[in-house]
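Notes follow the structure.
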There are 4 protein chains.
Amino acid sequence: MAKRTGEKYEAIIDAAIRVIAENGYHNAQVSKIAREAKVADGTIYLYFENKDDMLISLFNEKMGAFIETVREATARVDSPSDQLRELMRLHFAQLEENPKMAIVTQIELRQSNRKVRQGIAETLKKYMDVIDDIIRSGIEQGIFRPDVDIRVARRMIFGTLDETVTSWIMNGCKYSLMDQVDPIHRLFLDGMGKEAPLQRDAHSEKEGNA
Amino acid sequence: MAKRTGEKYEAIIDAAIRVIAENGYHNAQVSKIAREAKVADGTIYLYFENKDDMLISLFNEKMGAFIETVREATARVDSPSDQLRELMRLHFAQLEENPKMAIVTQIELRQSNRKVRQGIAETLKKYMDVIDDIIRSGIEQGIFRPDVDIRVARRMIFGTLDETVTSWIMNGCKYSLMDQVDPIHRLFLDGMGKEAPLQRDAHSEKEGNA
Amino acid sequence: MAKRTGEKYEAIIDAAIRVIAENGYHNAQVSKIAREAKVADGTIYLYFENKDDMLISLFNEKMGAFIETVREATARVDSPSDQLRELMRLHFAQLEENPKMAIVTQIELRQSNRKVRQGIAETLKKYMDVIDDIIRSGIEQGIFRPDVDIRVARRMIFGTLDETVTSWIMNGCKYSLMDQVDPIHRLFLDGMGKEAPLQRDAHSEKEGNA
Amino acid sequence: MAKRTGEKYEAIIDAAIRVIAENGYHNAQVSKIAREAKVADGTIYLYFENKDDMLISLFNEKMGAFIETVREATARVDSPSDQLRELMRLHFAQLEENPKMAIVTQIELRQSNRKVRQGIAETLKKYMDVIDDIIRSGIEQGIFRPDVDIRVARRMIFGTLDETVTSWIMNGCKYSLMDQVDPIHRLFLDGMGKEAPLQRDAHSEKEGNA
DNA sequence: GATGAATGAGTCTTCATTCAT
DNA sequence: TATGAATGAAGACTCATTCAT
């Protein structure tokens, strides 16, 4: 029923991003999005099943393309450490270039209902898979510690990137996200600790015995 | 106007947590919360300015107590590294003990409108301050690297804890969060990298020059 | 949930009858009915589950009372023939006295959706039962022919009354329905035929053999 | 503008009957009928002024042919009593042979708006004229009582047939309508009463004097 | 003649909040 | 203090109809 391609399809999605970013999720009425896209209200329903479907499509369309970009970019790099940096660089670059999209995905779309968030989660899962692949390679290639729990590390990476972007938006997008790539990358690889790993391991064991 | 104490004040907040956790944010009507709290709809407005105020109060009331707990607990520990572990331990423990509260703060309250999220942000800032204090101490005491950017590290820590809890809830609270304290603590302190810090530094510099 | 009694309950039902009779089923918006009843739109939903429920209630409320009236009136009469006349008299009287109600039940409510018509059908069934009882008594008392099929006779009686009222409305309620009680009653009892029953029976048999 | 003949004209009407019978009046969208007729939505407007016109045409086309059939059939019979039986027989036969058409005319089309029902009424009037003619002949030929009011008798006849068919559909078209021709015909001619007409006349006069 | 993408008017229902008691 | 009946604003979606091709 719903035609998921075409000029108007793109126009509606782009209009939705603008309207949601500028008015907030709860003030993004279908009629407002239609007006912004220069189509009739009913036209939206020729391209999307309903409003939820439009929001999910919006996210998947943009996020899907981003994931593809990340996959291709990381494939061109050998070292998992550099792949991770590339992923971070692209993650920040993509949102820094599209602050409206950033607002929509980081802030507004999180207010959506269960249905929308589930639709989003599926695509997000694919991004997690990309991160997982990098971590796994790193472990296999002996770049990352063999005892790193992939899921734990993935949550650290995604959680940090996500929180960093949200903070950036909440503070008005005033500074450059790109400047944070290296500091964060360093934190991921080396941690905050100053001591040599060996010593810290000993410390950790002491804790474990306590 | 709004009386911010009393038996019914607490009853309403606790009822709100139960109702939101069980029905979801968008199905937590004032009348449903009133019924659960065994008061009349109008009574809620004797204790709260409006629904937003009730949700903000709910968060601040619970989060404020938690922050106090964390402050006290970390004050009893010397090493910033151990303070960080303690914070993580309490963070996970608190939410693992109150899954309903966890669902409300991690999932449902994020669907709230701008006003509520701003009210929440103020209290959250205090939690960030606690984290900042720990990092600052660590740097000052020479436990953490002096070139660690406090804000960057804080976002890593909070982002990771947040993502970890959200994941845990999304997966049905099936495993124990407490098991993740040490692996995450280790990641924060030592990073994922296998090489010695010195070598890794060199590597990092090479990257920087590239 | 829905409070099915009270002053406002009656006011809404009466307003609905007026609005539907004057504007037609498809132009009887909830907001128009609310305004006519001098209540807020939302108030209607304190007394009815939804618009369908309101229409079904309207019919059942009025029809239920009518059926009760008919039951009581026919109970005060001995002869099934007179009971039938009494039913017809009340049927016509009730609608002649409330032309708006007549328009609503005979014309407008028939345009309603499946749900409403099913809700109406249940109550209508009770009216059919009253007719059936009269016919059955008539047969048992030897007033009506023993070979009369109750269902067939009931459909004749109800169909005739219904068509008579619909015709009357379609022609602008210009003549008196009450004048038709006796002619119709006579038709029901004696039929249109001029010949003696015996002769006609013979005729009928001849037909049956043909 | 509207071309009222042709292959597609018939195809659209037949598609409309199927779609309405299967989906109900309120779910018989123009686009659904167009799809069923294997034409484009816009094509329907080359053959009909609008949707109402299509429904009215549908009824008139089919009902007009039926009335013609009845006129011809009754013309081949002498006795008005037999003419009446023939009309009933054809009425039931026609609908029993086309249950979809029966559903459309007896149930679904009655939910239509004022305009459609008025368009239908005109054709229905012609059917009433056929019934009137039979009754008039019967009276003139001394077969029916001279004091029978033609309009009253016509409403009894039509109302009974109509209610009988509606009942039959509502009960799932499980029994044969044809079996009811003779019982109903007998009721029309002889009535339900057991007593001799003379006695009943006396009774009736007593009523009339009351 | 035929198409079908595009149009846009129209409405039921929810629920936070109030206020007379 | 407490009640809860009443309020009324606000929005997603459908579908008959048009018209450029």
Side-chain angles (χ1 to χ4, degrees), chain A residues 1 3 6-9 12 26-35 37-54, chain B residues 3 6-8 26-35 37-55 113, chain C residues 1 3 6-9 12 26-35 37-54, chain D residues 1 3 6-9 26-35 37-55 113:
Chain A
M1 219 82 182
K3 193 170 159 267
E7 213 171 85
K8 293 215 159 86
Y9 177 78
I12 291 165
H26 291 292
N27 267 309
Q29 295 86 348
V30 170
S31 60
K32 209 178 269 178
I33 294 170
R35 205 180 314 128
K38 297 191 202 303
V39 299
D41 292 18
T43 304
I44 288 187
Y45 294 87
L46 294 177
Y47 292 90
F48 304 93
E49 302 244 346
N50 49 43
K51 191 182 180 183
D52 283 357
D53 179 40
M54 178 174 64
Chain B
K3 188 170 167 280
E7 211 171 87
K8 294 201 171 162
H26 291 292
N27 269 309
Q29 293 85 351
V30 170
S31 61
K32 207 179 270 180
I33 294 171
R35 204 180 315 130
K38 296 192 204 301
V39 300
D41 292 16
T43 303
I44 288 187
Y45 292 85
L46 296 174
Y47 293 89
F48 303 93
E49 303 228 349
N50 49 42
K51 190 183 181 183
D52 283 356
D53 180 39
M54 178 177 62
L55 298 177
N113 61 42
Chain C
M1 218 85 184
K3 196 171 158 264
E7 212 171 85
K8 294 213 160 84
Y9 177 79
I12 292 165
H26 291 291
N27 268 309
Q29 294 87 349
V30 170
S31 60
K32 208 179 269 179
I33 293 170
R35 203 181 316 130
K38 295 190 204 302
V39 299
D41 292 17
T43 303
I44 288 187
Y45 293 85
L46 295 176
Y47 293 89
F48 304 93
E49 303 246 346
N50 48 43
K51 191 182 178 183
D52 283 357
D53 180 40
M54 178 176 64
Chain D
M1 216 79 185
K3 191 171 163 277
E7 213 170 83
K8 294 201 172 163
Y9 176 79
H26 291 291
N27 269 309
Q29 293 85 352
V30 170
S31 59
K32 207 178 271 179
I33 293 170
R35 204 179 318 129
K38 297 191 204 302
V39 299
D41 293 17
T43 304
I44 287 185
Y45 292 85
L46 297 173
Y47 292 89
F48 304 93
E49 304 227 350
N50 48 43
K51 192 182 180 184
D52 284 356
D53 179 39
M54 178 176 64
L55 299 176
N113 61 41

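In what follows, every chain begins at residue 1, and chains take the letters A, B, ... in the order their sequences are listed. Below, all heavy atoms of this structure are taken into account, side chains as well, without hydrogens, waters or symmetry copies.
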Residue pair B:Ala28/A:Thr43 against DNA chain E: nearer the 5' end by closest nucleotide is A:Thr43

Could you state the atom-to-atom distance from CG of B:Asn50 to P of E:dC15 in whole Å?
17 Å

By nearest-nucleotide position on DNA chain E, the 5'-leaning member of D:Ala40 and B:Asp52 is D:Ala40

Complementary nucleotide of F:dA2, counting Watson-Crick and G-U pairs under 3.5 Å
E:dT21

Would you indicate whether the side-chain heavy atoms of C:Ile33 and C:Arg35 approach each other to under 4.5 Å?
no

Whole-Å distance, A:Glu49 CD to F:dT14 P, equals 10 Å

Spacing of C:Lys51 atom NZ relative to E:dT14 atom C1', expressed in whole Å
17 Å

For A:Val30, answer base if it contacts any base atom (sugar-phosphate contacts may also be present), sugar-phosphate if it contacts only those atoms, and nothing otherwise; contact means non-hydrogen atoms under 4.0 Å.
sugar-phosphate

What is the distance, rounded to the nearest whole Å, between atom CG of A:Asn27 and atom C1' of F:dA10?
11 Å

Would you mind telling me which residue lines up with the more 5' stretch of DNA chain F, B:Lys38 or A:Ser31, judged by nearest nucleotide?
B:Lys38

Protein-nucleotide distance (C:Gln29, atom CD; E:dA9, atom P), rounded to Å:
16 Å

Heavy-atom donor-acceptor pair, D:Lys51 side chain to D:Val30 backbone, under 3.5 Å:
no

Looking only at side-chain atoms of A:Tyr45, point me to the closest of E:dA6, F:dA2, F:dT14.
F:dT14

To the nearest angstrom, how far is C:Tyr47 atom OH from E:dC12 atom P?
20 Å

Between OG1 of D:Thr43 and NZ of D:Lys3, what distance do you get to the nearest 0.5 Å?
11.5 Å

Measure CG/B:Asp41 against C1'/F:dA2 and give the value in whole Å, please.
12 Å

Kindly give the heavy-atom pair with the smallest separation between D:Phe48 and D:Met54, and that separation in Å.
CD2-CA, 3.5 Å

Residues D:Lys32 and D:Asn27: closest non-hydrogen pair is NZ-O, 3.1 Å

Between P of E:dA16 and CG of B:Asp53, the distance in whole Å
14 Å

Return the pairing partner of E:dG8 with a 3.5 Å limit on both distances, Watson-Crick or G-U wobble; otherwise return none.
F:dC15

